[in-house]
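To start, the structure itself, in structure tokens.
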Amino acid sequence: MRKKIIAGNFKMNYSVNRADNFISEIKDRINTDEVDVVICPNFVALDRISELLDGTNIKLGAQNVYFEDSGAYTGETSVDMLAAVNVKYCIVGHSERRKYFNETDEIVNKKVKKILEKDISPIICVGETLEVRDSGKHFELIENQIKEALKNIDKEAVSRNVIIAYEPIWAIGTGVSAASVQANEMCKFIRDVIAKLYTRKVADLVRIQYGGSVKPSNAKEILECSDIDGTLVGGASLTNDFVAIVNY
Ligand code: PGA
């Protein structure tokens with residue numbers, strides 16, 4: 001049985017004091033017995049939030065990373081720097097990074113490789129625009145994103161650490177989530193792609209999240225789908241709604 005994993009992506013919200021106050025307020029109300037819970041605040045809050053989460057079962061995640069180890073890369077953060085503050089998960093290839101920061105499939109692949117080297121779990125985001133869905137090419141696009149993200153990555157690393165987040169772009173921050181049937185259909189498709197690339201056993205181990213306008217009113221239905229192993233939550237992770245989603 002795959003354990004569900006619910007991650008909150010704060011995006012560029014909540015500077016360190018606010019993040020600290022908010023997480024201090026919710027952390028004891030979050031039930032981590034049956035669900036892995038991850039919180040991804042911004043970079044400058046990671047160190048403080050790491051201390052705050054010490055001794056709890058809530059894990060720390062980063063929203064991004066660079067694929068080089070160190071050196072003259074102004075403004076970037078390495079995987080070792082994340083590991084040093086106890087980051088266990090790292091979002092890669094979020095559609096906002098692909099759109100505003102020109103993150104390509106090739107860059108995503110380099111980041112995933114580097115993250116896996118350090119035994120951190122990448123949360124690899126894939127998803128189609130409404131235009132692509134309307135043209136009927138969404139399965140093809142997602143298959144390609146998965147293949148490129150996992151290029152030259154061995155099956156041990158994939159089974160141990162890789163998490164995929166299916167996030168249709170038309171559902172992110174719009175209030176309109178995918179219907180659970182649509183979301184489950186794509187998550188199942190993604191699992192089949194992984195089975196083709198590796199083995200069915202590997203595919204059955206990989207956790208696949210859905211993300212896009214997840215809220216307390218739709219979380220349960222989404223989380224009960226056969227191929228959906230968790231959610232990646234944006235807007236709702238900034239409020240008490242996150243507690244309701246995790247304790248669904
Ligand atoms: P949303 O964002 O929950 O605000 O739609 C999801 C995401 O971008 O991960």
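Hydrogens, waters and symmetry mates play no part in the numbers below; they use all other heavy atoms, side chains included. Both counts, for ligands and for their atoms, begin at 1 and track the order of listing.
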Legend entry - Sub-4.0 Å heavy-atom approach of Ser213 to ligand 1: yes
Inset, instruction - Determine the sole option in Arg207, Lys3, Arg191 for which the salt bridge (Lys or Arg N to Asp or Glu O under 4.0 Å) test with Asp229 is passed. - result: Arg191
Inset, instruction - Give the contacting part of Ala171 toward ligand 1: side chain, backbone, both or neither, where contact means a heavy-atom distance below 4.0 Å. - result: backbone
Legend entry - hydrophobic_cluster_shared for Leu82 and Tyr89, side chain cutoff 4.5 Å: no
Inset, instruction - Measure the distance from atom 4 (O) of ligand 1 to every protein heavy atom, then report the residue, atom name and distance (to 0.1 Å) of the closest one. - result: Gly235 N, 2.8 Å
Legend entry - Per-atom contacts, ligand 1 versus Leu232 - under 4.0 Å to a heavy atom: 9 (O)
Legend entry - Enumerated ligand 1 atoms positioned under 4.0 Å from heavy atoms of His94: 7 (C), 8 (O), 9 (O)
Legend entry - Nearest protein heavy atom with distance in Å, relative to atom 3 (O) of ligand 1: Gly234 N, 2.9 Å
Legend entry - Pairs touching residues 152-171 that satisfy salt bridge (Lys or Arg N to Asp or Glu O under 4.0 Å), sequence neighbours left out: Asp119-Arg160
Inset, instruction - Look at the side chain of Gln182 and the backbone N and O of Ala179, then say whether any donor-acceptor pair between them is shorter than 3.5 Å. - result: yes
Legend entry - Gly173 neighbourhood, listing ligand 1 atoms whose heavy-atom distance to it stays under 4.0 Å: 1 (P), 4 (O), 5 (O)
Inset, instruction - Indicate, with yes or no, if Val108 and Ile91 share a hydrophobic cluster defined by side-chain heavy-atom contacts under 4.5 Å among Ile, Leu, Val, Met, Phe, Trp and Tyr. - result: no
Inset, instruction - Return yes if some donor-acceptor pair links the side-chain N/O of Asn161 with the main-chain N/O of Pro122 below 3.5 Å, else return no. - result: no
Legend entry - Min heavy-atom dist Lys215 to ligand 1 below 4.0 Å: no
Legend entry - For Gly212, atoms of ligand 1 separated by under 4.0 Å from a heavy atom: 5 (O)
Inset, instruction - Could you list the atoms of ligand 1 found under 4.0 angstrom from a heavy atom of Glu167? - result: 6 (C), 7 (C), 8 (O), 9 (O)
Inset, instruction - Go through the steps for Asp105 and Lys151 under the test salt bridge (Lys or Arg N to Asp or Glu O under 4.0 Å), then give the verdict. - result: CA-CA 10 Å; Asp105 286 332; Lys151 207 176 214 165; over 6 Å; no
Legend entry - ligand 1 contact by Ala236, heavy-atom criterion under 4.0 angstrom: no
Legend entry - Candidates Lys111, His94, Glu76 - the one meeting side chain to side chain donor-acceptor pair (under 3.5 Å) with Asn64: Lys111
